[in-house]
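Basis for what follows: all heavy atoms, side chains included, without hydrogens, waters or symmetry-related copies. In listed order, ligands and their atoms are each counted from 1. As the structure is a prediction and not an experimental result, all values here were calculated from the model.
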Amino acid sequence: MLVTGGAGFIGANFVRHTLAHHPGYSVTVVDKLTYAGNRANLAGLPEDKVSFVEGDICDAPLMDQLVRDSDLVVHFAAESHNDNSLDDPWPFVNTNIVGTYTILEAVRRHDVRLHHVSTDEVFGDLALDDPHRFTETTAYAPSSPYSATKAGSDHLVRAWIRSFGIKATVSNCSNNYGPYQHIEKFIPRQITNILSGLTPKLYGTGEQVRDWIHVDDHNTAVHLILDKGRLGETYIIGADNDHVNNKQVIELICELMGQDGYEHVADRPGHDLRYAMDSTKLREELGWAPQYTDNDTGMREGLSQTIEWYRDNEDWWRTAKDGVEKQYAKRGQ
Ligand code: NAD
Ligand code: TDX
C-alpha cells in the first residue's frame, strides 16, 4: 500500500491503524515533509512493515515508480489549512490539483487501485437553520482556495474514473480531531494554548458548526471502503455531530481542562457557517458506524483522550507553538 501524506495528521493515524488492525499490508509512505508533515508521527513503527520516502506527489517520475511498485494507493497528501490558503493559494493549487493529477496518471498507466481522501468542504456551507445534510449527490460549491482545490481534485478523480476507467473510490469526510493533529488547527490550538498559559481563541461569534469526527472513525471508514467499497463510487463519512458549534467545542475543552475563559478574535474571511454530513450510504452499504458517539456532543471521550495526548507529548508540539501563534497574531487571531 502506498500512502501519500502519511507523515501528516490523518495519514499517520491511518498508517498506525493499518498496522494495528490490518497486519497483511506493508506500507510505503511518500511525504514531502512540509511544515505539516513530521517524521516523528511515524516513530516506533516496524521498519519491515513501513518504509518512508521523502518526496513530492507532483514529481511525476517518482510517483510513476512508487505507484508501479504498489497494489493500492491511499491518497491523503494535501495542503489542508483554510487560513493558510487565504494567505497564499499557490501551494494548494499545486499539491491538491497538480499532485492529484500526477497520481491519477500514474495509477492509469499501471492500473493500480486508488482511494482519494477528500473533505466535506467541497460542498460549500449550509445556513445555520438549514436542516439538510450533504450527500454523495450534493452539488459542489466550495468557498475557499483550500476547498476549491480539493473540489478540483475530486473532479479530476471522477473524470479519470469515467473517461479512463481507473479503479478508484472517493470519500468526503467532515472535520477530524485526535492525536498528531497540527497545532494550527482549531482543537489542538486551543488545547496547547491552555497548556501554554495562553487564552483560547474563538473566531467571531463561534456559531459555526463543524460535524466533528474522531480520526480513528474516519480511518475505519477508509478501510471498509478499501475492502468492500464499490469501484467508481463516492462515500460520505460523518459521525452525526452537526448540532455542535465552535463555541460549544471551546467551552467543552475549557471545562475538561479547568480553564476559566476564552477570547473572541477576528473572524475568518468568508468563514463557512455549517457543515453536516449524511453518511447513510456508508452505514447501510458497508456497515460502518463511528465508535466515538458519547452523550451530548459526541466528543467528550474523544476530546479527553486527545487532551491527554497533547499533555503527554509536549515535545512533539512545543517547538512549533511560538511560530504558529506569531502567524495568527499577524492576522489578529
Ligand atoms: P495535514 O496537513 O496534517 O497533512 C498533510 C500531509 O501531506 C503532510 O504530512 C504534508 O507534509 C504532506 N504533503 C503536503 N504536500 C505534499 C506534497 N506535495 N507531496 C507529498 N506530501 C505532501 O492534513 P490532514 O489533516 O492529515 O489531511 C489529510 C487529508 O485528509 C487531506 O487530503 C485533507 O484534505 C483530507 N481531510 C482532512 C480533514 C481534517 O479535518 N483534517 C477532513 C476531511 C478530509
Ligand atoms: O483558532 C481558531 N479558532 C476558531 O474559532 C481556529 C484555528 C479555528 N477556529 C474555527 C474555524 C472553523 O470554523 O474553528 C473551526 C475549525 O477550524 P479548522 O480547524 O481550521 O478547520 P476547518 O477550516 O473547518 O477545516 C478542517 O476540516 C475540513 C480541516 O482543516 C480541513 O483540512 C478539512 O478538509
Tell me the residues surrounding ligand 2, counting only those with a heavy atom closer than 4.0 angstrom, sorted by chain and number.
S80, H81, N82, T119, E121, Y146, N175, E184, K185, F186, R189, Q190, K201, L202, Y203, R210, N246, R268, H271, Y328

Straight-line distance of R274 CZ to D130 CG, nearest 0.5 Å
6.5 Å

Taking atom CG of L195 and atom CE of M257, what is their separation to the nearest 0.5 Å?
4.0 Å

Does any donor atom in the side chain of K49 or S26 lie under 3.5 Å from an acceptor atom in the other side chain?
no

Cation over ring, K281 on Y235, under 6.0 Å and within 45°?
yes

Residue by residue, ordered by chain and number, which ones reach under 4.0 Å of ligand 1 with a heavy atom?
G5, A7, G8, F9, I10, D31, K32, L33, T34, A36, G37, G55, D56, I57, F76, A77, A78, S80, T95, V117, S118, T119, Y146, K150, C173, S174, N175, N176

Compute the ring centroids of H17 and H223, then answer whether they are less than 6.0 Å apart.
yes

Between Q327 and D83, is a side chain to side chain contact (heavy atoms under 4.5 Å, CB included) present by the stated rule, with each step listed?
CA-CA 10 Å; Q327 198 62 28; D83 291 325; over 6 Å; no

Parallel, tilted or perpendicular: which fits the ring planes of H271 and Y203, with parallel below 30° and perpendicular above 60°?
perpendicular

Which class fits the ring pair Y101 and W160: parallel under 30°, tilted 30 to 60°, perpendicular over 60°?
perpendicular

Can you list the steps and then say if H243 with V209 is a side chain to side chain contact (heavy atoms under 4.5 Å, CB included)?
CA-CA 7 Å; H243 54 286; V209 173; over 6 Å; no

